[in-house]
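One structure below.
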Amino acid sequence: MPGFESFGDAERKEVQDVLDSGVLMRYGFDGMRNGHWKAKELEQALQEKLGVKHAQLVSSGTAAVSIALASAGIGAGDEVIMPTFTFVASFEAIMMLGAVPVLVDIDDTLTLDPKAVEAAVTPKTKAIMPVHMCGSMANLSALKTICDTRNLILIEDSSQATGATYQGKPLGSIGDLGCLSLDFVKIITCGEGGAVLTNNEKYALHADHFSDHGHDHKGNDRGAETHPFLGYNFRISELNAAVGLAQLRRLDDFVSIQKKNYNIIREMLSQVPEITFRSVPEGGEESYSFLSFFLPDLEIARKASAALKEAGVDGCFHYYDNNWHFIRKWEHLRDLKTLYPISSEVKEGLKYLKTKTFEQSDNYIGRNISCLIKLSWTEDEVKQRAESMVKAITSVLK
């Protein structure tokens with residue numbers, strides 16, 4: 001994901017503004033700032049760009065998920081349905097609140113299978129959390145119907161799909177709450193950071209307070225603020241927000257360049273009959289940060305992955321054997337390897353992972369390869385890359 005690929009004068013100017021003011025913290029020190037409030041500016045810009053009433057900047061995408069859950073009152077023993085294909089942060093953020101991650105199968109969108117979600121709902125279920133992996137989205141209409149029918153909260157983790165849309169709306173703006181990651185390897189970056197998005201006034205107020213030790217942020221004397229409830233420190237710094245502010249202004253350009261490069265490679269790969277592409281739900285448009293496709297079986301996908309590396313084609317991921325993104329390698333979750341005692345609710349709630357299998361997910365991830373799309377490629381480099389990909393993949397299909 002390309003944010004880290006492109007820094008320039010715009011980012012330097014915003015960061016220099018912060019350094020010149022001498023105030024790196026997002027709250028307080030009003031008199032020293034010379035009117036510079038980068039976190040507030042970025043929150044306003046996110047609201048306008050992504051079509052939400054409220055955006056709360058925080059320290060990471062992982063923090064954003066935990067804050068979103070806490071803002072909706074989800075905690076000890078509550079179940080949150082999430083996909084088997086994501087980043088480990090998804091279950092970490094749920095468990096941080098004492099809630100139980102309930103992993104269910106994905107389908108050919110590489111995101112939550114609504115049928116598997118429906119089957120996983122229990123009386124303890126409080127939220128469904130699709131993770132829009134590799135630039136595309138879950139079937140949000142189907143998931144929203146389940147939530148509306150069962151009185152559940154829909155929380156979008158759009159960390160890998162900023163810039164994508166579903167039925168004309170930006171991802172992250174469709175659920176009750178949305179979460180973004182703005183770390184170094186996301187579509188736009190703050191270096192480190194995240195955001196909680198919502199149209200719900202109560203959730204927005206909760207996120208604002210909870211992310212800063214419970215401060216109510218009333219008035220301009222930080223020491224006089226009250227604490228309506230307990231909170232923690234998930235603040236973003238002004239330096240990080242400054243970088244993100246400049247990056248957000250470039251989001252449309254990033255997506256446009258990615259789309260052009262994506263289409264060149266996809267058109268070339270389409271000539272290989274054995275390749276099929278991930279499904280994008282009707283009305284959805286990807287952020288084009290990855291091109292994801294399927295090969296006939298696991299053995300061929302493994303061979304193709306090795307052939308791509310040997311051909312010098314970087315950034316093509318076969319997640320079946322990846323330690324960080326698929327349930328198959330999450331032994332530390334299955335075995336609850338932690339530094340501190342886990343609550344009895346979580347221990348009991350995660351017992352299912354000892355015996356649960358995910359054949360459907362294995363099938364899709366085992367056959368899938370997801371290749372990043374860079375901003376920095378020239379058109380000739382993209383075409384050469386596409387040719388190399390076709391050659392490497394066809395070599396293992398013979």
Side-chain angles (χ1 to χ4, degrees), residues 42-44 46-75 78-83 86-87 89-102 111-112 117 121 125-133 137-167 169-182 186 193-212 229 231-232 234-236:
L42 180 51
E43 286 169 346
Q44 182 64 41
L46 284 167
Q47 290 164 196
E48 294 171 1
K49 185 67 179 174
L50 301 181
V52 291
K53 293 180 181 178
H54 306 281
Q56 180 70 41
L57 283 174
V58 295
S59 55
S60 69
T62 312
V65 175
S66 287
I67 293 164
L69 292 165
S71 296
I74 296 168
D78 293 335
E79 293 178 353
V80 179
I81 293 174
M82 58 164 279
T86 177
F87 182 56
S90 298
F91 62 75
E92 291 169 348
I94 294 167
M95 292 173 68
M96 195 194 81
L97 298 173
V100 178
V102 176
T111 64
L112 280 178
V117 170
V121 175
T125 306
K126 293 296 188 293
I128 296 171
M129 188 174 76
V131 183
H132 305 313
M133 287 292 287
M137 68 225 65
N139 185 336
L140 288 168
S141 292
L143 296 178
K144 197 169 187 311
T145 296
I146 296 171
C147 287
D148 291 345
T149 302
R150 302 295 193 97
N151 194 29
L152 303 174
I153 295 164
L154 182 61
I155 299 176
E156 293 178 79
D157 184 340
S158 191
S159 295
Q160 290 195 4
T162 308
T165 60
Y166 179 71
Q167 297 182 351
K169 294 182 179 179
L171 294 189
S173 71
I174 298 161
D176 297 287
L177 291 138
C179 305
L180 305 181
S181 174
L182 300 168
K186 292 303 184 288
V196 178
L197 311 174
T198 188
N199 291 310
N200 183 299
E201 299 281 345
K202 181 176 74 172
Y203 295 163
L205 189 69
H206 289 174
D208 173 76
H209 295 4
F210 186 77
S211 60
D212 182 32
F229 49 78
Y232 299 91
F234 296 112
R235 295 189 302 263
I236 196 170

Discussion item. Under the rule for side chain to side chain donor-acceptor pair (under 3.5 Å), what residues qualify as partners of Thr86, not counting sequence neighbours?
Written reply: Ser90
Discussion item. Taking the side chain as everything from C-beta on, heavy atoms only, tell me whether Ile94 gets closer than 4.5 Å to Met129.
Written reply: yes
Worksheet entry | salt bridge (Lys or Arg N to Asp or Glu O under 4.0 Å) contacts in which one or both residues fall within residues 140-164, not counting sequence neighbours | Glu118-Arg150, Lys144-Asp148
Worksheet item: With a 4.5 Å limit on heavy-atom distance, are the side chains of Leu69 and Ile155 in contact?
Response: yes
Discussion item. Could you go through Lys53 and Gln47, starting from their C-alpha distance and side-chain angles, then the distance that decides it, and tell me whether this counts as side chain to side chain contact (heavy atoms under 4.5 Å, CB included)?
Written reply: CA-CA 6 Å; Lys53 293 180 181 178; Gln47 290 164 196; over 6 Å; no
Worksheet entry | salt bridge (charged side-chain N to carboxylate O under 4.0 Å, His left out) involving Glu79 - partner list, sequence neighbours excluded | none
Worksheet entry | Residue list, salt bridge (charged side-chain N to carboxylate O under 4.0 Å, His left out) with Asp78, at least two apart or on another chain | Lys126
Discussion item. Can you list everything that forms a ring-ring contact (aromatic ring centres under 6.0 Å, His included) with His54? Sequence neighbours excluded, please.
Written reply: none
Discussion item. Please check this pair: side chain of Asn199 against backbone of Val52, looking for a donor-acceptor N/O pair closer than 3.5 Å.
Written reply: no
Practice prompt. Check side chain to side chain contact (heavy atoms under 4.5 Å, CB included) between Ala63 and all other residues, then give those that pass, not counting sequence neighbours.
Written response: Val58, Ser59, Ser60, Ile67, Phe234
Practice prompt. Identify the heavy atoms of Thr111 and Ala138 that sit nearest to each other, and give their distance.
Written response: OG1-CA, 3.0 Å
Worksheet item: Of all residues at least two apart in sequence or in a different chain, which pass the side chain to side chain contact (heavy atoms under 4.5 Å, CB included) check with Glu48?
Response: Gln44
Discussion item. For a side chain to side chain contact (heavy atoms under 4.5 Å, CB included) check, start with the C-alpha distance between Leu42 and Ile236, then their side-chain angles and the critical distance, and finish with the verdict.
Written reply: CA-CA 11 Å; Leu42 180 51; Ile236 196 170; 5.5 Å; no
Worksheet item: Residues two or more places apart in sequence or in another chain: which of them pass side chain to side chain donor-acceptor pair (under 3.5 Å) with Thr198?
Response: none
Worksheet, complete the sentence: CG (Leu182) and CG (Leu46) are apart, to the nearest 0.5 Å, by 7.0 Å
Practice prompt. Would you give the length of the straight line joining atom CD of Gln160 to atom CG of Leu171, rounded to the nearest 0.5 angstrom?
Written response: 12.0 Å
Worksheet item: Rounded to the nearest 0.5 Å, what separation is found between the CE atom of Met133 and the CZ atom of Phe87?
Response: 9.5 Å
Discussion item. Could you measure the distance from the CG atom of Asn200 to the OG atom of Ser71? Nearest 0.5 Å is fine.
Written reply: 9.5 Å
Response to the item:
Residues Pro130 and Leu140: closest non-hydrogen pair is CG-CD2, 4.0 Å
Discussion item. For Met82 versus Pro101, what's the shortest heavy-atom pair and its separation?
Written reply: SD-CB, 3.7 Å
Worksheet entry | side chain to side chain donor-acceptor pair (under 3.5 Å) against Gln167, all qualifying residues, sequence neighbours excluded | Ser141
Worksheet item: At their closest point, which heavy atom of Val196 faces which heavy atom of Ala64, and how far apart are they?
Response: CG2-O, 3.5 Å
Discussion item. Restricting to side chain to side chain contact (heavy atoms under 4.5 Å, CB included), what partner residues turn up for Pro170, sequence neighbours left out?
Written reply: Leu50, Ser173
Worksheet item: Which distance, rounded to the nearest 0.5 Å, do you find between the CE of Met95 and the OG of Ser66?
Response: 11.0 Å
Worksheet item: So, the side chain of Ser181 versus the backbone of Ser159: is there a donor-acceptor pair under 3.5 Å, distance only?
Response: no
Discussion item. Is any side-chain heavy atom of Ile146 closer than 4.5 Å to one of Ile128?
Written reply: yes
Practice prompt. Indicate yes or no for a side-chain donor-acceptor contact from Glu43 to the backbone of Leu57 under 3.5 Å, with no hydrogens or angles considered.
Written response: yes
Worksheet item: Can you tell if the side chain of Pro83 reaches within under 4.5 Å of the side chain of Leu112, non-hydrogen atoms only?
Response: yes
Worksheet item: With sequence neighbours left out, what residues match Ala72 under side chain to side chain contact (heavy atoms under 4.5 Å, CB included)?
Response: Ile74, Ile153, Leu177, Tyr203
Practice prompt. Could you grab the distance from atom OG1 of Thr162 to atom NZ of Lys186, nearest 0.5 Å is fine?
Written response: 9.0 Å
Discussion item. Going by the rule side chain to side chain donor-acceptor pair (under 3.5 Å), which residues pair with Asp212 if we only count those two or more places apart in sequence or in a different chain?
Written reply: His217, Arg222, Arg235
Item to complete: Check whether any side-chain heavy atom of Leu180 sits under 4.5 Å from a side-chain heavy atom of Ser158, and report yes or no.
Response: yes
